[in-house]
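Just so you know, ligand 1 is whichever comes first in the structure, and atom 1 is the first atom listed for that ligand.
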Amino acid sequence: MSIVTKKLPTFIDLYSQLIATPSISSNNPLIDQSNEDIIHLLCEWFEHIGFKVETTFVNNINNNIKLNMLASIGNGEGGLLLTGHTDTIPADIEKWTYNPFILTEKNNKLYGLGSVDMKCFFAFILNAVRNLNPLKLKKPLYILATAEEETSMAGAKQFSEYTTIYPDYAIIGEPSCLKPIRAHKGHISKAIHIQGQSAHSSNPFKGINAIEIVYEIIDYLLKLRNDLRENYQNNLFNIPYPTINFGYIHGGHASNCICGYCELHIDIRPTSDITIMEINNLINNVLTYVNPCWSKRISISELHPYIPAYECSSYHEIVKFLERITGTKACSVDYCTEASFIQKICPTLIIGPGSIEQAHQKDEFLDMVFIKPTHNLIKKLIHYFCY
Ligand SMILES: [Zn+2]
């Protein structure tokens with residue numbers, strides 16, 4: 001392998017082209033887009049500077065072409081994985097001051113859809129590795145660009161299940177104001193369907209009231225909520241226990257009808273002390289406590305694909321290294337990321353430029369004060385873990 005000297009576009013050109021390449025994920029098939037174009041752009045750039053690239057199809061509900069890209073350079077065991085998602089949420093164009101697909105500099109900020117969450121990360125990586133000498137690498141460097149993070153996380157999920165790479169550590173460049181993040185809760189969202197039997201209210205014996213059944217279910221779920229709070233304390237999290245939220249309930253038509261059907265939606269945010277399977281078992285158990293003659297009338301469905309909780313032990317070298325170079329203790333955040341899946345491959349830390357406050361907002365921007373420190377951070381990471 002020879003020393004790579006070929007020219008890539010400038011950092012701002014790379015960044016602008018990524019912003020100008022829409023890759024919106026949405027559960028609405030009319031809005032959802034393929035991420036093929038942005039993946040091809042990344043493949044072209046990484047190949048151009050000597051990386052080996054491969055793409056894989058990611059299954060998705062809208063049957064659009066969705067791809068993951070893995071770029072790699074250097075040989076051997078272990079190494080470092082830098083990863084991020086290529087998709088964005090839809091832009092509410094009417095509300096934007098600037099064109100969301102044109103990277104616009106104003107008042108030391110760079111505006112654009114995905115400017116902070118998180119197309120910038122790929123521009124930073126490319127800028128940091130443009131003159132990388134592969135001969136100096138003692139361990140491989142991997143770059144993963146995923147699809148579908150904003151909807152199902154199918155890209156990261158699929159990658160974590162089928163990959164054959166085993167890096168020592170992974171970094172996810174989600175916006176964290178360049179502070180290391182080592183934990184977040186998971187997310188489970190369920191609908192509980194209660195099928196009653198509708199009848200005229202004048203004779204309660206002619207029907208089965210779904211609202212009365214859901215009343216009993218809620219009572220047991222409240223007890224479960226307290227149990228979770230008492231048994232799974234973890235002070236790493238702002239709210240230091242798993243939570244259950246009752247978010248939606250609907251049933252019945254009129255006061256003079258016995259309610260024939262009721263639906264309850266709940267949201268569960270587990271800490272890393274309890275698995276998705278354990279939560280599911282606890283919820284299913286709750287339903288067995290309800291009057292057995294109603295059990296066939298109750299069913300549960302998932303509203304969204306689940307996301308396990310994520311936690312990286314503070315003992316890992318990558319946590320210590322990042323705490324040392326940023327001067328900040330790694331903490332937890334309240335949002336979910338692909339770390340829930342990437343952590344299955346290797347210890348994973350979240351650190352990236354810009355603030356999460358600007359993500360999923362109109363006039364999303366990256367504050368330009370992050371440019372230099374991010375560039376330095378990525379270089380230091382590669383040096384420490386691959387050289
Ligand atoms: Zn993101």
Go through the steps for Thr21 and Asp37 under the test side-chain hydrogen bond (donor to acceptor under 3.5 Å, both in side chains), then give the verdict.
CA-CA 7 Å; Thr21 310; Asp37 291 346; over 6 Å; no

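- Hydrophobic clustering, defined by side-chain heavy atoms of Ile, Leu, Val, Met, Phe, Trp and Tyr closer than 4.5 Å, groups Ile93 together with Ile24, Ile31, Trp96, Phe101, Leu113.
- A donor-acceptor pair is defined here as one N or O able to donate and one able to accept, closer than 3.5 Å; no such pair exists between the side chain of Glu161 and the backbone of Phe341.
- Here ring pair (Phe, Tyr, Trp, His ring centres under 6.0 Å) pairs that include residues 259-286, with residues two or more places apart or in two chains, are Tyr248-His265.
- The side-chain contact (heavy atoms from CB on, under 4.5 Å) test with Ile125 singles out one residue from Thr83, Ile171, Leu82, and that residue is Leu82.
- Evaluation of the side-chain contact (heavy atoms from CB on, under 4.5 Å) rule for Gln358 yields Val116, Ser355, Phe365 as partners, not counting sequence neighbours.
- For the Zn ion (ligand 1), the count of nearby protein N/O/S atoms, taking only those under 2.8 Å, is 4.
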